[in-house]
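FYI, the numbering just counts along the sequence from 1. Everything quoted here is computed from the prediction, not taken from an experiment. Start at 1 and go down the list; that is how both ligands and their atoms are numbered.
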Amino acid sequence: MHVHTRLSLSVHSPPLGIDFKIRTVDIDGKKIKLQVWDTAGQERFKTITTAYYRGAMGIILVYDITDEKSFENIQNWMKSIKENASAGVERLLLGNKCDMEAKRKVQKEQANKLAQEHGIRFFETSAKSSMNVDEAFSSLARDILLKSGSRRSGNSNKPSSTDLKTCDKKNTNKCSLG
Ligand SMILES: Nc1nc2c(ncn2[C@@H]2O[C@H](COP(=O)(O)OP(=O)(O)OP(=O)(O)O)[C@@H](O)[C@H]2O)c(=O)[nH]1
């Protein structure tokens with residue numbers, strides 16, 4: 001499968017805690033344009049964040065593998081999404097900063113368990129080295145496409161596997177830029 005993503009626009013607005021980007025994902029020759037709203041995870045931005053994800057087709061929940069609090073916070077967001085997001089919204093859990101293995105506080109197994117409990121996919125990523133970043137966006141886009149297709153065809157099966165790189169001690173070099 002050939003996957004290519006391209007970042008074409010970025011507007012930064014720190015006072016609101018919202019960052020808007022357009023990301024183009026190429027899935028099996030089909031160009032999918034994603035409108036990505038990067039919202040802050042802090043409690044003080046909760047009202048505005050909730051307003052932005054209401055109506056979204058997909059939500060990526062990101063925690064920091066070196067910060068236990070950020071992982072605990074994911075539970076609150078899961079609850080908030082259940083209460084406020086559109087029914088059937090695709091969710092994806094990401095454990096970011098996997099290039100910082102030495103400072104890891106959240107084990108992969110913990111996150112895997114949480115993701116399983118909520119029936120969602122989970123990957124570890126590194127925004128620094130780009131590890132699994134394209135894959136994460138593509139996976140979410142693919143799941144959204146599958147869901148919208150399955151609504152028409154009545155087939156709600158997700159693919160049984162995703163072609164992701166593992167981000168652990170075995171390939172720290174690949175995850176880390178140093
Ligand atoms: N080593 C490493 N550092 C990262 C990674 N991703 C982000 N950072 C660093 O972590 C810090 C916070 O990154 P942000 O992108 O501002 O994090 P955020 O969670 O979006 O922050 P808010 O939107 O303010 O909640 C910055 O210094 C980044 O350079 C990563 O994958 N690896």
Side-chain angles (χ1 to χ4, degrees), residues 3-25 34-81 83-85 89-112 114-115 118 120-141 162-178:
V3 171
H4 171 74
T5 67
R6 184 166 56 88
L7 210 61
S8 53
L9 174 73
S10 174
V11 180
H12 197 62
S13 55
L16 280 180
I18 307 270
D19 210 5
F20 170 67
K21 291 182 183 76
I22 295 286
R23 203 170 172 117
T24 311
V25 189
L34 303 173
Q35 207 182 90
V36 185
W37 295 90
D38 178 4
T39 62
Q42 299 104 302
E43 191 67 28
R44 65 196 169 104
F45 290 119
K46 198 164 182 182
T47 309
I48 195 151
T49 298
T50 305
Y52 274 94
Y53 74 63
R54 196 172 283 136
M57 297 176 87
I59 297 175
I60 303 181
L61 292 139
V62 187
Y63 69 90
D64 174 351
I65 70 156
T66 70
D67 177 357
E68 207 143 11
K69 275 245 147 42
S70 72
F71 182 66
E72 286 164 14
N73 207 19
I74 294 289
Q75 304 266 22
N76 301 331
W77 284 112
M78 291 277 199
K79 191 166 170 275
S80 173
I81 288 166
E83 289 164 3
N84 300 296
V89 65
E90 278 297 325
R91 293 162 301 159
L92 174 66
L93 179 64
L94 299 183
N96 192 43
K97 301 200 187 176
C98 73
D99 56 286
M100 297 179 74
E101 189 56 49
K103 293 197 168 162
R104 178 189 287 276
K105 297 270 164 47
V106 183
Q107 299 309 313
K108 226 186 236 177
E109 293 69 33
Q110 291 172 260
N112 250 327
L114 182 71
H118 289 272
I120 65 177
R121 291 190 205 282
F122 160 64
F123 315 134
E124 286 197 342
T125 55
S126 168
K128 189 174 177 185
S129 72
S130 296
M131 182 78 182
N132 278 343
V133 174
D134 282 355
E135 287 83 351
F137 279 106
S138 301
S139 162
L140 186 69
T162 36
D163 183 22
L164 282 181
K165 299 167 205 103
T166 48
C167 194
D168 53 27
K169 280 182 199 135
K170 274 177 278 170
N171 53 14
T172 335
N173 292 341
K174 220 171 177 180
C175 289
S176 172
L177 287 181

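Put simply, the residue from Leu140, Val62, Ile65 that forms a side chain to side chain contact (heavy atoms under 4.5 Å, CB included) with Leu94 is Val62.
Taking distance alone, with nitrogen or oxygen atoms compared against 3.5 Å, Asn96 approaches ligand 1 more closely than that limit. Distances between N or O atoms of Lys97 and those of ligand 1 include at least one value under 3.5 Å. Below 3.5 Å of separation, one finds an N or O of Asp99 facing an N or O of ligand 1. Checking only distances, Cys98 never comes within under 3.5 Å of ligand 1, N or O to N or O.
Ring geometry, Trp37 versus Phe20: the interplanar angle falls from 30° to 60°, so the pair is classed tilted.
Every residue two or more places apart in sequence or in another chain that forms a side chain to side chain donor-acceptor pair (under 3.5 Å) with Asp64 is listed here: Thr66, Lys97. Listed by chain and residue number, nothing satisfies the side chain to side chain donor-acceptor pair (under 3.5 Å) test with Asn112 (two or more places apart in sequence, or in another chain).
Short contacts between ligand 1 and Ser126, defined as distances under 4.0 Å to a heavy atom of the residue, involve ligand atoms 31 (O). Counting the atoms of ligand 1 from 1 in the order shown, those under 4.0 Å from a heavy atom of Lys128 are 1 (N), 2 (C), 30 (C), 31 (O), 32 (N).
Under a 3.5 Å cut-off, the side chain of Arg91 and the backbone N or O of Ile81 do not form any donor-acceptor pair. Side chain of Ser80 to backbone of Asn76: no donor-acceptor contact under 3.5 angstrom is found.
At a heavy-atom cutoff of 4.0 Å, ligand 1 is contacted by the side chain of Met100 but not by its backbone.
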